[in-house]
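Structure first, then comments.
Letters A, B, ... mirror the listed sequences (proteins, then strands); counts begin at 1. Hydrogens, waters and symmetry mates are skipped; everything else that's a heavy atom, side chains included, is used.
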Number of protein chains: 2
Amino acid sequence: MAVAARRKFRREGEERRRQDLIEATLDCVAENGLQGATVRAIALRAGVTAGLIRHYFPGKEELLQAAYATIMGRMTELAKTALATVEEQPRLRLAAFVEASLVPPVIDVRTFSIWASFIGRAGSDPALGVAHRAGYLGFRDEVETLVAEVLADAGRQASAGELRRHAIAINAIIDGLWVEGCLAGDMFAKGELAEIGIGSVEAMLGLRLRQGDVA
Amino acid sequence: MAVAARRKFRREGEERRRQDLIEATLDCVAENGLQGATVRAIALRAGVTAGLIRHYFPGKEELLQAAYATIMGRMTELAKTALATVEEQPRLRLAAFVEASLVPPVIDVRTFSIWASFIGRAGSDPALGVAHRAGYLGFRDEVETLVAEVLADAGRQASAGELRRHAIAINAIIDGLWVEGCLAGDMFAKGELAEIGIGSVEAMLGLRLRQGDVA
DNA sequence: GACGTTGTTATGCAAGTGTATAAATATTGC
DNA sequence: GCAATATTTATACACTTGCATAACAACGTC
């Protein structure tokens, strides 16, 4: 009689498997929220069976944490990339940074869905709250540094309080436009959000960023 | 022998029970996300047994939808209240609106958690996406009207495109500051976010909102 | 005060959950 | 080729999930 044939499989490297499982987890979260991230759904998407998850992670909770760390790392890495623009002039660097934050791949509905799914629990889950705060502050500090350079370049000096307010405001408008761009990107023309973002920052700082060489 | 005593109960009005169940659902979602909103957890919090849910709703899905509609309605109602400020002068109205959007009860971590939990699925759930879009557009239109009044009051006229950009930008900065205020309210001094928000809007529009009578 | 209506509880069920364990097989070193 | 290893599958288990159903009791009506 036909005994059920055992499934064929290949041994992947440990790093590769971990990565695949994390990616599968992020896919599940993006599509159906944390509810959709069951061990079986994750395993199915990763092309393995459920039991394997516990071979690479102590439990589902740890896999979710690893997935969250991954998406956060990816987001900040994108931000860093945007910050490390090749531009020399501070104003162009700030403009390039704002622009990079408001076009793909930073504007991305999948990333947003994952972010929202996790961040919704930041109020009750201390670990998530701390992680968010750290990411936010790191981001804001970068913005603040950038703003300080821009103002110095323009021959203006700002107090610590002014710098702080500028950084908070610029960070907020980027975040706000990012949310809308991710949620309803098709409501905006291509490049429109970046245009609005840069224009807003210019207005806030009271100087032009893009036509660069006026002191 | 002691037969298990059946639980005492009272018959509440239909409206009251529905409301209690919805509120319990929102509590559960706020605390543990959609995952935490199980029929048993909801019933426990509402002070009833699980079966009763299906007496008032066709299923859990419908209860969640009702809860989402409720929280959305509450948010837009708060926004409308902020918009219907008693101020006469357009500039003061806009300032009051921005301020109201950036202090409690609009700034509220519970509301934010619920919003994030639901909106995380807006990318995959068409109904949620449409609902968000409608709410956002309604809100933005109000902002646009307000801005138009302010500019007219200042003797300036703006094209439709300019109005649109202003509305998008102002909306974004309010959203961005709202997110941060909800997630990490203790990082900001009381009233600081409102101050930054109003200041940013002033910078964007190129006029003062609060000391009002210069044309 | 008895009675019927129906809001409410209690119980049960099939499907799905995370996890534990054993069996099987792909890979490595010889 | 062959044995050793540990990656991977398969299966089982206790628990939770949403939902169905029946028993019950609170309330309005006569």
Side-chain angles (χ1 to χ4, degrees), chain A residues 1-29 31-68 117 121 125, chain B residues 1-29 31-68 117 121 125:
Chain A
M1 68 188 265
V3 113
R6 197 168 245 257
R7 181 174 161 170
K8 300 290 182 192
F9 61 91
R10 277 183 44 205
R11 295 184 162 187
E12 301 288 351
E14 166 167 350
E15 207 50 38
R16 170 71 188 280
R17 270 279 135 87
R18 285 190 121 88
Q19 213 55 37
D20 284 353
L21 287 173
I22 288 175
E23 208 57 44
T25 303
L26 291 175
D27 281 339
C28 290
V29 172
E31 284 187 15
N32 295 312
L34 290 173
Q35 295 193 96
T38 68
V39 290
R40 286 171 178 81
I42 293 167
L44 179 66
R45 193 178 284 263
V48 298
T49 53
L52 193 60
I53 288 179
R54 292 221 8 134
H55 190 262
Y56 288 104
F57 297 91
K60 184 196 168 191
E61 187 62 30
E62 285 77 10
L63 172 54
L64 281 177
Q65 286 173 14
Y68 180 66
S117 294
R121 290 180 62 179
D125 186 328
Chain B
M1 65 189 275
V3 113
R6 196 168 247 255
R7 179 175 165 170
K8 299 291 181 192
F9 63 89
R10 277 183 43 206
R11 295 186 163 187
E12 300 287 351
E14 165 167 351
E15 207 51 37
R16 169 70 187 280
R17 271 279 135 89
R18 286 190 122 87
Q19 212 56 35
D20 284 352
L21 287 173
I22 288 175
E23 207 57 45
T25 303
L26 291 175
D27 281 340
C28 289
V29 173
E31 284 188 16
N32 296 313
L34 289 172
Q35 296 194 95
T38 68
V39 290
R40 286 171 177 82
I42 293 167
L44 179 66
R45 194 178 283 262
V48 299
T49 52
L52 192 60
I53 288 178
R54 290 225 5 141
H55 190 263
Y56 287 105
F57 296 90
K60 185 196 167 191
E61 187 62 29
E62 285 77 9
L63 172 55
L64 281 177
Q65 285 174 13
Y68 180 67
S117 294
R121 291 180 61 179
D125 186 331

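If you take CZ on B:Arg45 and CD on B:Glu31, they are separated by 4.0 Å, rounding to the nearest 0.5 Å.
Between the P atom of C:dA26 and the CZ atom of A:Arg17 lies a distance of 13 Å, rounded to the nearest Å. Rounded to whole angstrom, the span from the CG atom of A:Leu52 across to the C1' atom of C:dA26 amounts to 13 Å. In this structure, B:Ile53 atom CD1 and D:dC19 atom P are separated by 9 Å, rounded to whole Å. Rounded to a whole Å, the CG atom of B:Leu44 is 11 Å from the P atom of D:dT17. If you take CZ of B:Phe57 and P of C:dT8, they are 13 Å apart, rounded to a whole angstrom. As rounded to whole Å, 18 Å separates atom P of D:dT17 from atom CG of A:Asn32. Protein atom CZ of B:Arg11 is 7 Å distant from nucleotide atom C1' of D:dA25, rounded to whole Å. Atom-to-atom, CG of B:Asp20 to P of C:dT8 comes out at 10 Å; the value is rounded to the nearest Å.
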Restricting both atoms to N or O, compile the protein contacts to nucleotides 16-18 of chain C shorter than 3.5 Å, with distance only.
{"unit_1": "C:dG18", "atom_1": "OP1", "unit_2": "A:Lys60", "atom_2": "NZ", "d": "2.8"}
{"unit_1": "C:dG18", "atom_1": "OP2", "unit_2": "A:Val39", "atom_2": "N", "d": "2.8"}
{"unit_1": "C:dG18", "atom_1": "N7", "unit_2": "A:Arg40", "atom_2": "NH1", "d": "3.0"}
{"unit_1": "C:dG18", "atom_1": "O6", "unit_2": "A:Arg40", "atom_2": "NH2", "d": "3.0"}

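Here the side chain of A:Thr49 is nearest to one of D:dT8, D:dT9, D:dA25, namely D:dT9. Comparing C:dT9, D:dC27, D:dA10 by their closest approach to the side chain of A:Arg7 singles out D:dA10. Of the candidate nucleotides C:dT8, D:dT9, D:dT5, C:dT8 has the atom nearest to the side chain of B:Phe9.
Using a distance-only test at 3.5 Å, with no hydrogens or angles considered, no donor-acceptor pair links the side chain of A:Lys60 to the main chain of A:Ile53. No donor-acceptor pair under 3.5 Å is formed between the side chain of B:Glu23 and the backbone N or O of B:Asp20.
At the phosphate of C:dT8, OP1 or OP2 sits under 4.0 Å from a side-chain N or O atom of B:Tyr56. Residue A:Arg6 has no polar side-chain atom (N or O) positioned under 4.0 Å from OP1 or OP2 of C:dT25. Between A:His55 and D:dT7 there is a side-chain polar atom (N or O) within less than 4.0 angstrom of OP1 or OP2.
In this structure, B:Phe57 and B:Ile22 have side chains that are in contact, with non-hydrogen atoms separated by less than 4.5 Å. Residues A:Val39 and A:Leu63 are not in side-chain contact: their nearest non-hydrogen atoms beyond the backbone lie 4.5 Å or more apart.
Of the residues near DNA chain C, A:Glu62 and B:Gly13, the one whose nearest nucleotide (by heavy atom distance) lies more toward the 5' end is B:Gly13. Between B:Gly51 and B:Lys8, the one whose closest nucleotide on DNA chain D sits nearer the 5' end is B:Gly51.
Here the shortest heavy-atom pairing between B:Arg54 and B:Pro58 reads NH1-O, 2.6 Å.
Contact annotation for A:Glu12: backbone-only contact, meaning every heavy-atom pair under 4.0 Å involves sugar-phosphate atoms and none involves a base.
Checked options A:Arg18, A:Glu12, A:Arg16, A:Arg17; the residue passing with A:Glu14 is A:Arg18 (criterion: side-chain contact (heavy atoms from CB on, under 4.5 Å)).
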